[in-house]
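Per chain, numbering begins at 1; letters A, B, ... match sequence-line order.
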There are 2 protein chains.
Amino acid sequence: MVDTQRSAEKSDERLRDAERTRAELLEVATEVFSEQGYSGARVDEIAERTRTTKRMIYYYFGGKEGLYLAVLEAAYRRIREAEQGLHADHLAPVDAVRRIAELTFDHHHDHPGFIRLVSVENIHNGQHLGKVESLRDLGTPAASLLDDVLARGRASGELRGDVDAVDVHMLISSYCVFQVANAATFGFLFGRDMLAPDVRERHRRILGDIVVGWLSA
Amino acid sequence: MVDTQRSAEKSDERLRDAERTRAELLEVATEVFSEQGYSGARVDEIAERTRTTKRMIYYYFGGKEGLYLAVLEAAYRRIREAEQGLHADHLAPVDAVRRIAELTFDHHHDHPGFIRLVSVENIHNGQHLGKVESLRDLGTPAASLLDDVLARGRASGELRGDVDAVDVHMLISSYCVFQVANAATFGFLFGRDMLAPDVRERHRRILGDIVVGWLSA
DNA sequence: CATTGTATGTACCGTTTCGTACATTAGCCA
DNA sequence: TGGCTAATGTACGAAACGGTACATACAATG
């Protein structure tokens, strides 16, 4: 009844496939915007790097800005999903905060494109982000995860109780974001390759030490 | 013999003044580049915001990229000067590190344009920064200042001795840079105005606590 | 005060870049 | 299987943008 051309779920290589075209456009656009910034990105370049044409950008996203908004939304949505997969309730409070810090660290290093996108958006004062309604309160999950751990630590006396979860998150974020977003200039000024495996490993451990040290009662 | 038009030193309002034109161009360009990014900045807009014309950008800086390089160099030079005015050798090691952290914090908040410029440069992978020979090893002063304090602390037993000065500097920088560079997106996601005076004051104190806590033996 | 080179203004050019009008085809459904 | 619509390709246009040729006026110098 169904299934004329498409076999199972992964329909492969139809000439016309709205979903595939949209997805490919989005993927390539994410790369280009994060590499060149919003103004630096060229609509023609994005199109050339896909199997479709510029025409489709206007057909599906309305224009350059629409495409950028879609990229932002998709990127943040992916982050949210990653955060939701982060469980720490089976660990002792001290171990849990270190775990959260380290996983956040890894996540940032593994998704430099997203970090760069955030930098781009900040250059433009977050003016696009504000337009995407669906991203309101996207930070809440991350904060409440930390909040839970802090509460448990306070109760058990292992963690100090006078620290705000968002402040903790900011410390972790700032450290992780910097590693990726400022690797070029910091690396240049201090002759340090921030992405080298051994350097990365040390930074990771240091972050854990700092967070645990700060929060320990 | 001298002094036909110019009175004393601050010659005021000659119609032709190379220094003034150059300086004004540089100042406005710093603003525009930090507001719009490299690609987003328009040569015409920069010119319009000064009392001179686009022609002068090409006359003095060769072009858009030359102007951007000059902006970068001037901005980093200013930072270096600020750092050199930072003395901490009269303070006890623990107080010294807190002082350095807090002054760095203030400096970042007071010069958002520079921070944004660094972000812009990182989006472009520091490709321009590498072209400015005069900026090699610009990080050294900041690192050695911290290095001295750490050495004193290690000698007196007040600070732990197994921490690298550059790592300390990176912690401080990351925290300070994030405050300014990511104020828009972080503020939006967590509903927090990063630039509000009371928030700023708390962040400042927290940074000091973290650094001192980490380094204390 | 005449001369000369630095500094500046105007008008313009060629290219890039975002966006669109128009034509066309693939694939779903009756 | 034939028609209808969603999807796609091509070619082009208009404005923006970086850059430059040419003309000119100011100011230091002898």
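Looking at heavy atoms from C-beta onward, B/H108 lies in side-chain contact with B/V177 at the 4.5 angstrom threshold. Between A/N122 and B/R116, the closest side-chain pair of non-hydrogen atoms is not below 4.5 Å.
If you take CZ of A/R42 and P of C/dG19, they are 11 Å apart, rounded to a whole angstrom. The CG atom of A/L67 sits 11 Å away from the P atom of C/dC18 (whole-angstrom rounding). Between the CD1 atom of B/I57 and the C1' atom of C/dT8 there is a distance of 13 Å, given to the nearest Å. Residue A/Y58 contributes atom OH, which lies 12 Å from atom P of C/dT17 at whole-angstrom precision. Across the protein-nucleic acid pair, B/R51 atom CZ and C/dT8 atom C1' stand 14 Å apart, rounded to whole Å. Atom CG in A/D44 sits about 18 Å away from atom P in D/dA16, given to the nearest Å. Atom-to-atom, CD of B/E48 to C1' of D/dG18 comes out at 14 Å; the value is rounded to the nearest Å. As rounded to whole Å, 11 Å separates atom P of D/dT8 from atom CZ of A/F61.
For B/Y60, taking side-chain heavy atoms from C-beta onward, the closest of the listed nucleotides C/dT8, D/dA7, C/dC22 is C/dT8. For B/M56, the listed nucleotide lying nearest its side chain is C/dT8; candidates were D/dT10, D/dG19, C/dT8. Listed nucleotides: D/dA7, D/dG18, D/dT10. Nearest to the side chain of B/K64: D/dG18. Checked against C/dT6, C/dC18, C/dG9, the side chain of B/Y59 finds its nearest nucleotide in C/dT6.
A close approach under 4.0 Å does occur between a side-chain nitrogen or oxygen of B/T21 and OP1 or OP2 of C/dT8. Between A/T52 and the phosphate of D/dT8, there is no side-chain N or O to OP1/OP2 separation shorter than 4.0 Å.
Within 4.0 Å of B/A47, counting heavy atoms only, lies no atom of the nucleic acid at all.
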Practice prompt. Would you please test A/H203 and A/Q179 for side chain to side chain donor-acceptor pair (under 3.5 Å) and show each step?
Written response: CA-CA 9 Å; A/H203 288 162; A/Q179 303 274 328; 2.9 Å; yes

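Closest approach of B/V163 to B/L150, counting heavy atoms only: O-CD1, 3.7 Å.
A donor-acceptor contact under 3.5 Å is formed by the side chain of B/K54 with the base of D/dG19.
With respect to A/E45 and A/R49, a salt bridge is recorded, a charged nitrogen being found less than 4.0 Å from a carboxylate O.
Of the residues near DNA chain C, A/A41 and A/R55, the one whose nearest nucleotide (by heavy atom distance) lies more toward the 5' end is A/A41.
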